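The structure appears right after this line, and notes come after that.
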Amino acid sequence: MELKGKVALVTGGARRLGRELSLALGQAGADLVVNYNRSAGPAQELCEQLEALGRRAVPVQADVSSSDDVARLIEVTTEVFGHLDVLVNNASTFENVPLLDITEESWDRVMGVNLKGPFLMSQAAEPLLRMHRRGLILNLTDLAGIETWPAYGHHGVSKAGVIHLTRVLARAFAPDIRVNAIAPGTVLPPEDYTPAQVESLRGRTPLQRIGTPADVVRAMMYLIEADYVTGQVLVVDGGRLLV
Ligand SMILES: NC(=O)c1ccc[n+]([C@@H]2O[C@H](COP(=O)([O-])OP(=O)(O)OC[C@H]3O[C@@H](n4cnc5c(N)ncnc54)[C@H](OP(=O)(O)O)[C@@H]3O)[C@@H](O)[C@H]2O)c1
């Protein structure tokens, strides 16, 4: 898919990895809907940066775990652009809670953002993505959805759900919309990680480096190009899953 003149929507697109994915899509020629939840300032700044590149870009606040907010986000996308070519379900929480200490509230929040969010977004965006018979959904999952990490139990369960959601949607939405997932290893450590924690992750990675957002951008660009690939999970982890 050539991105020039296309429209992309990135959830949680204002900061960290979502920002890098949004910028890369804009640099490749796409107009952008930058969804944010709390990061209004960074979303506005990013849209200004995208407009300076000659793109159209609109920041839209929405909580992806709320069907009302998701409906409004898609309404704005329809009003501003009239169609959508690429939906990147990037928004996420990353909660570190021992399994036995997970509260019902925390379980519901994590499932709401990480799993219900991509479902609601995909369901609501489907008519717009189908319009030109060439739509693409990219779901950000995690190694935690493939491996078993007891300290991130509900996070891992939600991300495993995203992998199955990817496959089910790929079948349900074919042939007009492809649906794939990317499972990064660590590309941007959580902001509270110590240098020792980061070094320990690097040490456990066969390719001997922490990933970068650019590694995920390359995977995204491949999946945008690869128009015979659907229902797949592309692991971008320096080989960590092999260990
Ligand atoms: N970072 C990594 O190394 C890594 C590794 C494996 C997988 N991943 C996956 O890659 C994606 C991005 O990673 P990240 O580290 O950049 O994520 P992150 O910093 O944990 O969160 C990304 C964004 O999600 C948004 N968000 C949270 N709750 C939301 C809600 N209810 N509605 C809408 N947006 C919401 C936040 O937006 P606001 O700031 O606007 O509130 C936040 O900026 C995630 O899906 C993550 O699981 C990342």
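The structure displayed is predicted, hence computed values, not measured ones. Start at 1 and go down the list; that is how both ligands and their atoms are numbered.
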Exercise for the section: Specify side chain, backbone, both or neither for Val113, according to which of its non-hydrogen atoms lie closer than 4.0 Å to ligand 1. Expected result: side chain
Practice task
Indicate if Leu17 and Leu46 have the same hydrophobic cluster label, given that clusters are the connected sets of ILVMFWY residues with side-chain heavy-atom separations under 4.5 angstrom.
Solution key: yes
Problem - Check: Trp107/Glu105 side-chain N/O donor and acceptor closer than 3.5 Å - result: no
Exercise for the section: For Thr186, counting its heavy atoms only, list the atoms of ligand 1 lying under 4.0 Å from any of them. Expected result: 3 (O)
Problem - Close side-chain approach of Leu99 and Ile102, heavy atoms under 4.5 Å - result: yes
Exercise for the section: Answer side chain, backbone, both or neither: which part of Ala14 comes under 4.0 Å from ligand 1, heavy atoms only. Expected result: neither
Handout entry: Contact atoms of ligand 1, heavy-atom distance to Val187 under 4.0 Å
Key = 2 (C), 3 (O)
Problem - Leu242 CG to Leu207 CG distance, which is reported to the nearest 0.5 Å - result: 8.5 Å
Problem - atom 47 (O) of ligand 1: the protein heavy-atom neighbour that sits closest, reported with distance to 0.1 Å - result: Lys159 NZ, 3.0 Å
Problem - Any side-chain heavy-atom pair of Val233 and Ile182 under 4.5 Å - result: no
Problem - Note, Pro42 side chain near Tyr36 side chain (heavy atom, < 4.5 Å) - result: no
Handout entry: Validation row: Leu234, Leu223 side chains within 4.5 angstrom (heavy atoms)
Key = yes
Exercise for the section: Would you kindly specify which portion of Asn35 sits under 4.0 Å from ligand 1, judged on non-hydrogen atoms: side chain, backbone, both or neither? Expected result: side chain
Practice task
Report the nearest protein non-hydrogen atom to atom 34 (N) of ligand 1: residue, atom name, distance rounded to 0.1 Å.
Solution key: Ala91 CB, 3.4 Å
Handout entry: Geometric N/O contact Ser39 with ligand 1, under 3.5 angstrom
Key = yes
Handout entry: Residue, atom name and distance, where the atom is the protein heavy atom closest to atom 13 (O) of ligand 1
Key = Leu17 CB, 4.0 Å
Completion exercise
Under 4.0 Å from one or more heavy atoms of Asp63, ligand 1 contributes atoms 30 (C), 31 (N), 32 (N)
Exercise for the section: Answer whether the closest heavy-atom distance between the side chains of Gln208 and Arg202 falls below 4.5 Å. Expected result: yes
Problem - Flag side-chain contact, heavy atom, 4.5 Å: Asn139 against Ile163 - result: no
Problem - Polar atom proximity, Phe94 to ligand 1 (N or O, under 3.5 Å) - result: no
Fill in the blank from the handout: atom 1 (N) of ligand 1: closest protein heavy atom, distance to 0.1 Å, is Leu188 O, 3.0 Å
Practice task
Scan the protein's non-hydrogen atoms and note whether one is under 4.0 Å from atom 30 (C) of ligand 1.
Solution key: yes
Handout entry: Distance-only N or O hit between ligand 1 and Asn90, under 3.5 Å
Key = yes
Exercise for the section: Closest by any non-hydrogen atom to atom 25 (C) of ligand 1: pick that one out of Gly145, Ser65, Gly12, Pro189. Expected result: Gly12
Exercise for the section: Please write down residue, atom name and distance for the protein heavy atom closest to atom 7 (C) of ligand 1. Expected result: Thr141 O, 3.3 Å
Handout entry: salt_bridge(Asp227, Arg178) N-O dist < 4.0 Å
Key = no
Exercise for the section: Starting from atom 18 (P) of ligand 1, locate the nearest protein heavy atom and write down its residue, its atom name and how far away it is, to 0.1 Å. Expected result: Arg16 NE, 4.0 Å
Handout entry: Protein contact to atom 37 (O) of ligand 1 [nearest heavy atom, distance to 0.1 Å]
Key = Asn37 N, 4.0 Å
Exercise for the section: Answer whether the closest heavy-atom distance between the side chains of Leu3 and Met221 falls below 4.5 Å. Expected result: yes
Problem - Atom indices of ligand 1 within 4.0 angstrom of Tyr36 heavy atoms, with elements - result: 40 (O)
Exercise for the section: Classify the angle between the aromatic ring planes of His132 and His83 as parallel (below 30°), tilted (30 to 60°) or perpendicular (above 60°). Expected result: tilted
Handout entry: Between Ser106 and His154, a side-chain donor and acceptor under 3.5 Å
Key = yes
Practice task
Around atom 32 (N) of ligand 1, find the nearest protein heavy atom and jot down its residue, atom name and distance.
Solution key: Val64 N, 3.0 Å
Completion exercise
Honestly, for Arg15 the part within reach of ligand 1 (heavy atoms, under 4.0 Å) is side chain
Practice task
Kindly indicate whether atom 11 (C) of ligand 1 is approached by any protein heavy atom to under 4.0 angstrom.
Solution key: yes
Handout entry: Gly185 near ligand 1 by a heavy-atom separation under 4.0 Å
Key = yes
Problem - Under-4.0 Å heavy-atom contact with ligand 1, by part of Ala62 that carries it - result: backbone
Problem - Identified side chain to side chain contact (heavy atoms under 4.5 Å, CB included) partner of Ile210 from the options Leu188, Val187, Leu201, Asp215 - result: Leu201
